Amino acid sequence: METGIRRSSPWVTGFAVFGGSMMLVIGIFQIVVGLTAIFEDTFYVMSDNYLFGFDVSTWGWIHLALGVLVAVGGGAVLAGQLWGRILGIVLAALSAIANFLFLPYYPLWSMLIIAADVAVIWALTKYGREDAIAP
């Protein structure tokens with residue numbers, strides 16, 4: 001007998017929690033990288049012939065701003081906001097692009113953040129409306 005009560009699937013909730021939590025972690029990491037680049041600009045060293053060779057403090061401000069936005073988006077995802085999920089996908093893609101361009105400055109770190117961004121995008125796109133309702 002159908003009572004009209006619909007429940008969220010635990011898998012879907014898990015994907016959303018994973019995506020939002022990872023966004024918070026990535027945002028904090030980006031903030032730390034940004035603050036390091038702003039205040040200790042000799043920490044990151046780059047070769048002379050790189051096409052996207054901005055000043056290190058410029059990269060610091062980019063990472064700081066992106067980190068704050070990603071963390072706020074992660075909070076919105078954890079709060080169950082649809083706009084947070086959409087923003088999360090966009091910001092994770094921007095974060096992956098920014099870290100791809102930051103590869104010559106800190107390669108291993110950038111690759112780890114790119115992998116985390118891909119996991120966030122996967123988790124947030126896996127969470128669909130048709131999956132949100134358990135039978």
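Note: hydrogens, waters and symmetry copies are ignored here, and every other heavy atom, side chains too, is used. Here the structure is a predicted model, which means the values were calculated and not measured.
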Show me the donor-acceptor pairs within less than 3.5 Å that the side chains of residues 90-102 make with the rest of the protein, sequence neighbours left out.
{"unit_1": "Ser95", "atom_1": "OG", "unit_2": "Gln30", "atom_2": "NE2", "d": "2.8"}
{"unit_1": "Ser95", "atom_1": "OG", "unit_2": "Asp117", "atom_2": "OD1", "d": "3.4"}
{"unit_1": "Ser95", "atom_1": "OG", "unit_2": "Asp117", "atom_2": "OD2", "d": "2.8"}
{"unit_1": "Asn99", "atom_1": "ND2", "unit_2": "Ser95", "atom_2": "O", "d": "2.9"}

Exercise. Could you state whether Ile38 and Tyr106 fall into the same hydrophobic cluster, counting links through intermediate Ile, Leu, Val, Met, Phe, Trp or Tyr residues with side-chain heavy atoms under 4.5 angstrom apart?
Key: no
Self-check item: For Ala76 against Gly84, the heavy-atom pair lying closest together
Solution: CB-CA, 3.6 Å
Quiz item: Honestly curious: do Trp109 and Leu35 fall in one hydrophobic cluster under the side-chain, below-4.5 Å linking rule?
Solution: no
Quiz item: Roughly how far, to the nearest 0.5 Å, is the CG atom of Leu66 from the CD1 atom of Ile26?
Solution: 10.0 Å
Quiz item: Between Gly60 and Ala37, which heavy-atom pair has the shortest distance, and what is it?
Solution: CA-CB, 3.5 Å
Quiz item: Are Ile28 and Val68 connected in a single hydrophobic cluster, I mean Ile/Leu/Val/Met/Phe/Trp/Tyr linked by side-chain heavy atoms less than 4.5 Å apart?
Solution: no
Self-check item: Path from Leu69 to Val25 over hydrophobic side-chain contacts below 4.5 Å
Solution: yes
Quiz item: How long is the gap from CE on Met22 to CG on Leu124, to the nearest 0.5 Å?
Solution: 11.0 Å
Self-check item: Given Val120, Leu78, Val77, the one that forms side-chain contact (heavy atoms from CB on, under 4.5 Å) with Ser21
Solution: Leu78
Quiz prompt | Single-linkage hydrophobic cluster Leu64~Ile113, side-chain heavy atoms < 4.5 angstrom | solution = no
Quiz prompt | Beyond-backbone contact of Ile62 with Trp59, side-chain heavy atoms, under 4.5 angstrom | solution = yes
Practice problem: Show your reasoning for whether side chain to side chain contact (heavy atoms under 4.5 Å, CB included) applies to His63 and Ile31. | Solution: CA-CA 6 Å; His63 282 285; Ile31 290 169; over 6 Å; no
